[in-house]
Amino acid sequence: MIDIEFIRQHPDEVREKSAQKSYPVDVEAILKLDTEYRELLGTVEALRAKRNEIAGRMKGGKPSKDDINEGKQVKVELAEREGYLAESETALAAQLKKVPNMPLAEVPVGASEDENKVVKTVGEPTKFDFEPKNHAQIGEQNDWIDKERATKVAGARFTYLKGPIVLLQFAIMQWVMSVLTSETTLQKIIDDNDLKVSAKPFIPVIPPAIVKTDAYKATGRLNEEEVTYKLVGDEEQWLNASAEHTLCNIYMGETLLADTLPRRFIGYSTSFRKEAGTYGKDMEGIIRLHQFDKLEMESFTTPEDGANEHAFMIAIQEYLVTQLGLPYRMLQKCTFDIGFPNASGWDLEVWVPTQNKYRETHSADFMADFQARGLNTRVKSKDGKIVFANTNDATAFALGRIMAFIIENYQTADGQVRIPEVLRQFMGGVEQI
RNA sequence: GGAGGGGUCGCCUAGUGGCCUAUGGCGCCGCCUUGGAAAGGCGGUUUGGGGGCAACUCCAUCGAGGGUUCAAAUCCCUCUCCCUCCGCCA
C-alpha cells in the first residue's frame, strides 16, 4: 500500500507514475474521500471526547439522571456517525489499494514489455554440431518426465519427474543452499560487484504451503482468477503460489529492531498456479506447470538498505546462472512490466536453444516500503524511530524451468545431458546423465 | 476430536463495571549525587491517528472482531494463538 500522506503531498506524481505503470488512478477522488474521512473523524472524536467527559463526571459519586440521559443521547449520535465513518474509511481504503507503488527514477518508462531494457547479454547462444532436441523430448525418451501418466492421475500440466532429473533437482537445491549460507561466497559476490551490503548469510526456510486469506491478501499477491488455488470446502485457505507468498508476510504485524537486519531467507516450496489464460502456451515439457518447486530469496532491510539489497539479489542471481554456465541476458523492466507493488524489477533470461530465444528464469522485485506497509512490518532504529521495512524478493531458481534449460543447453548428440561442474559434487561426482 | 487454563505498554506482573488519564518490579533513557562508577534519589519510557506553525491537545489501543451499558482490561458472543491433560496419528 502507498502512504496517503505521499498522495497528499505529490498528487501529480502519483497520477503520472501510476499511468506509466498502466494502473491509472483517480487522484482527485482519493483526496476528496480523504478530506471527507478526516472531517467525519473529527466529528466522531469530538463525540467520543464528550462521552468520556460525561462518564468522568459520574466517577465516584452517584450518577445523576441528567448525566445518564445526556450520555444516552451522545451514544445514539455517536453510533450513527461511527457508521458513516466506517463507510468512509472502507471507501478510502478501497481506493488506496488501487494505487500502485511508485517506480524508482531509474526505471525506464515504457508502455509494453518490448520497452524493457536489455542491460547486458552474457555468453554466446549454445552451438551444436547436431540437431538439438527440446527438453521435453529428451526427458520423455529417458523416462525422466512422464506427463501422460501424470495427466491421467492429476490432470493436465502435471508431471512425474523420475530418476536422474530428480537427483539433479536435489543437487541444485543443495548447491544453492551452500552458496546462500556461505558468508565467504556472499562476500565474494559483494566484492566482485562493488556492493555496499552486509554479507549476512541467508537462513534456509521450508515455509507453509498453505496461506490464510488475511495473510495472502496482505501480500498483495492473491490472484484468485488467474493464479491462486483455493482449498475446496474452505473459504479461508489457499495453496502457496510461491515461497515468497509465505515469506514476505513472516513478520506481518511485527516491529523488527534495526540492528537485527538484514533478515535474509532462502525458502523452498512447492508452488501451485492455475495458469489461467495461458492455454496453449508452453504446453511441452516442464516450463509451465500447475505444480513446481522453487527456491526463492526474501529479505527485510531498513529503508536505507533496500535499493542496495535489490542490487545484491540481482548479483546473486547472475552468480548462480553464471556458475551453471548458461548463456543469459539481463533486463531492467520498464514501468509497464515491473508489477503493481514494485518500485523496481529486473529479469534474467536464459538461452533456450530449441526456441532460439532467451526465456525468463529469474525475476528480482524491490518493493521499497510498499509491501511492508500493507503487512505492517516495521523497523525500529537505535534512536527509537519506527518506519516501515523495505522488502526484496528474488528467484534463486524455479527448479523445473532451470532444469529444462540445463537439459537443452547441456545435451549431447546421443540424447544425454552433461551435468554443470558446480553440481557434480552434489550428485556423487556424476558428470553426465 | 474432547476437557481445562491462559494472552495486560521491551520482559515479568497487579487489576471481577466508575477511585484505571492501567499497578508494581526489571530493563532502558535523562537528571541529581560522584574524581569516576556502583548504590541511592527524581523524572521519563506502548503504538497508531486527528487538529495545531508550535507549545500542546484530542481520539483510539489491555490477542482480534462484535455486543451489553450513561460508562468495559473487567460482563456476554465469535474468532485466533499459547499452555496442560485425554484420544488419534507420520
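Fair warning: this is a prediction, and the values are worked out from it, not measured in the lab. Convention: sequence-line order gives letters A, B, ...; per-chain numbering from 1.
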Engineer: When the C1' atoms of C76(B) and A22(B) are compared, how many Å lie between them, rounded to an integer?
Structural biologist: 23 Å
Engineer: Only one of Asn116(A), Leu331(A), Ile314(A), Thr361(A) forms a side-chain contact (heavy atoms from CB on, under 4.5 Å) with Asp347(A), so which one is it?
Structural biologist: Leu331(A)
Engineer: Is C88(B) paired to anything, Watson-Crick or G-U wobble with both distances less than 3.5 Å, and if yes, which nucleotide?
Structural biologist: none
Engineer: Once you apply the 3.5 Å cut-off to both distances, tell me the Watson-Crick or G-U wobble partner of G35(B), or none.
Structural biologist: none
Engineer: Hunt down the Watson-Crick or G-U wobble partner of C28(B), both distances under 3.5 Å, from any strand shown, or write none.
Structural biologist: G44(B)
Engineer: Using the C1' atom in both, what is the distance from C42(B) to C58(B), to the nearest Å?
Structural biologist: 29 Å
Engineer: Taking the nucleotide of RNA chain B with the nearest heavy atom to each, does Arg378(A) or Gly56(A) sit closer to the 5' end?
Structural biologist: Gly56(A)
Engineer: When you compare A3(B) with C77(B), how far apart are their P atoms, in angstrom units rounded to a whole number?
Structural biologist: 15 Å
Engineer: With rounding to whole Å, what would you report as the distance between A73(B) and U21(B) at their P atoms?
Structural biologist: 9 Å
Engineer: Mind listing the residues from residues 82-94 of chain A sitting with a heavy atom below 4.0 Å of RNA chain B? Number order is fine.
Structural biologist: none
Engineer: If you draw the axis of the six-membered ring of Tyr251(A), does the NZ or CZ of Arg263(A) fall within 45° of it and under 6.0 Å from the ring centre?
Structural biologist: yes
Engineer: For Leu41(A) and G50(B), what is the distance between atoms CG and C1' respectively, to the nearest whole Å?
Structural biologist: 5 Å
Engineer: What do you reckon, is NZ of Lys117(A) surrounded by more than 12 foreign heavy atoms closer than 6.0 Å?
Structural biologist: no
Engineer: Are Tyr23(A) and Phe340(A) close enough that their ring centres sit under 6.0 Å apart?
Structural biologist: yes
Engineer: Which nucleotide in the set C70(B), G50(B), U80(B) lies at the smallest distance from any side-chain heavy atom of Lys72(A)?
Structural biologist: C70(B)
Engineer: Nearest whole angstrom, please: distance from the P of U47(B) to the CZ of Phe388(A).
Structural biologist: 14 Å
Engineer: Using the P atom on both, measure G6(B) against A90(B) and round to a whole Å.
Structural biologist: 34 Å
Engineer: For G48(B) and Arg373(A) - does any side-chain N or O of the residue sit under 4.0 Å from the phosphate oxygens OP1/OP2?
Structural biologist: no
Engineer: Taking the side chain from Arg15(A) and the backbone from Val25(A), do they hold a donor-acceptor pair closer than 3.5 Å?
Structural biologist: no
Engineer: Take the protein atom CD of Glu70(A) and the nucleotide atom C1' of U69(B), then report the distance between them rounded to whole Å.
Structural biologist: 17 Å
Engineer: Heavy atoms under 4.0 Å, any strand shown: does Ile54(A) hit a base, just sugar-phosphate, or nothing?
Structural biologist: nothing
Engineer: Counting any heavy atom closer than 4.0 Å, what does Arg8(A) reach on the DNA or RNA strands: base, sugar-phosphate only, or nothing?
Structural biologist: sugar-phosphate
Engineer: According to the Watson-Crick and G-U wobble definitions, with both distances under 3.5 Å, which nucleotide is paired to U78(B)?
Structural biologist: A64(B)
Engineer: How about His290(A) and Phe272(A): are their ring centres within less than 6.0 Å of each other?
Structural biologist: no
Engineer: Verify the contact: side-chain N or O of Lys380(A) to OP1 or OP2 of G10(B), cut-off strictly under 4.0 Å; return yes or no.
Structural biologist: no
Engineer: Can you tell me, in whole Å, how much space there is between the C1' of C62(B) and that of G4(B)?
Structural biologist: 23 Å
Engineer: Does any N or O in the side chain of Thr260(A) come within less than 3.5 Å of the main-chain N or O of Leu256(A), such that one atom is a donor and the other an acceptor?
Structural biologist: no
Engineer: Can you tell me how far C1' in A14(B) sits from the matching atom in C26(B), rounded to whole Å?
Structural biologist: 15 Å
Engineer: Considering residues, nucleotides and ligands other than Glu284(A), do more than 12 of their heavy atoms fall under 6.0 Å from its CD?
Structural biologist: no
Engineer: Could you tell me how the ring of Phe202(A) sits relative to the ring of Phe312(A): parallel (under 30°), tilted (30 to 60°) or perpendicular (over 60°)?
Structural biologist: tilted
Engineer: Do the non-hydrogen side-chain atoms of Asn101(A) and Asn342(A) ever get within less than 4.5 Å of each other?
Structural biologist: no
Engineer: Scan every strand shown for a Watson-Crick or G-U wobble partner of U21(B), both distances under 3.5 Å, and answer none if you come up empty.
Structural biologist: none
Engineer: So if I define the base as every atom that isn't primed, P, OP1 or OP2, how would nucleotides 52-68 of chain B read as a B/S/- string at a heavy-atom cutoff under 4.0 Å?
Structural biologist: ------BBS--------
Engineer: Between U23(B) and C31(B), how far apart are the P atoms? Round to whole Å, please.
Structural biologist: 25 Å
Engineer: Counting only heavy atoms from other residues, nucleotides and ligands, does the tally under 6.0 Å from NZ of Lys162(A) exceed 12?
Structural biologist: yes
